Amino acid sequence: PPPCLRRVRALEEAGYVTGYRGQLDGGRLGFDVTVFASVHLSSQADSDLRDFEAFVREEPWVRECWMLSGETDFILKCVAPDMATFQEFVARLTAAPHVRNVRTSLVLHNSKNEPAVPLEARIQRK
C-alpha cells in the first residue's frame, strides 16, 4: 500500500480515527426541522441513565445524545421532516423512562459546523 494509506491505517489501528461519515444536507433531504432538546431526569442512578440512553438509541430523530454535568442531564440534537413529526417525538420523549422535564430550542441558523477536533490549533500551541 502507498505510504499515505499505511499512515491512515496506523492511525485507525491506534484508535485516533474512529470512523468516516458523509456529511449530508438535511434540508435538501427533507429534514427541515433541527431542534436541541435539554432533558432533565428524575434520577441519575446508573440504571436510570442506561434506560434513558437505550430509549434514545432507538429514536431515529435523535442524531446526537450527550450526557452533561449540571442542571441538564442530556442534550439531544434532533431532526425531523416537519414540526408535527417533531411534536410526536417530544410526546414520546417526555413519557420516556425517568424523564422529569424537556426543554426544546428550535435551530434557526447554523453559523459553524466543523467536523472532528481542531488539530491545527493544537499543533500551533506546541
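Since this is a predicted model, take the numbers as computed values, not measurements.
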With rounding to the nearest 0.5 Å, note down the distance linking [atom1] in [X] to [atom2] in [Y].
X	Y	atom1	atom2	result
Phe86	Trp61	CZ	CH2	11.5 Å
His40	His98	NE2	NE2	13.5 Å
Asp82	Phe31	CG	CZ	10.5 Å
Glu53	Cys65	CD	SG	6.0 Å
Ser38	Glu71	OG	CD	10.5 Å

Using the side chain to side chain donor-acceptor pair (under 3.5 Å) criterion, which residues pair with [X]? Sequence neighbours excluded.
X	answer
Ser42	none
Gln87	none
Thr72	none
Asp32	none

Could I get the full list of side chain to side chain contact (heavy atoms under 4.5 Å, CB included) partners for [X], not counting sequence neighbours?
X	answer
Arg28	Asp25
Pro1	Leu5, Arg6, Arg9
Pro60	none
Asn110	Asn113

Side-chain donor/acceptor pairs under 3.5 Å, residues 16-24, sequence neighbours excluded:
unit_1 : atom_1 : unit_2 : atom_2 : d
Tyr20  : OH     : Glu12  : OE2    : 2.5

Any chance you could lay out the side-chain contact (heavy atoms from CB on, under 4.5 Å) test for Val35 and Phe89, step after step, and finish with the verdict? CA-CA 11 Å; Val35 178; Phe89 164 70; over 6 Å; no
Testing the basics here: between Cys78 and Val62, what is the closest heavy-atom pair and its distance to 0.1 Å? SG-CG2, 4.1 Å
Closest non-hydrogen atom pair, Ser43 against Ala45: OG-N, 3.1 Å
Quick one: does [X]'s side chain get under 4.5 Å of [Y]'s, heavy atoms only?
X	Y	answer
Thr34	Lys77	yes
Met67	Leu49	yes
Leu76	Glu64	no

With Glu59 via salt bridge (charged side-chain N to carboxylate O under 4.0 Å, His left out) - residues at least two apart: Arg92
If you look only at distance, which donor and acceptor atoms sit under 3.5 Å apart when one is on a side chain in residues 99-106 and the other is two or more places apart or in another chain?
none

Ignoring hydrogens and angles, tell me if any N or O in the side chain of Thr85 forms a donor-acceptor pair with the backbone of Pro81 under 3.5 Å. no
Donor-acceptor under 3.5 Å (Asp51 side chain, Pro97 main chain): no
What's in the same ILVMFWY side-chain cluster as Phe36, cut-off under 4.5 Å, chained through other members? Trp66, Leu68, Ile75, Val107
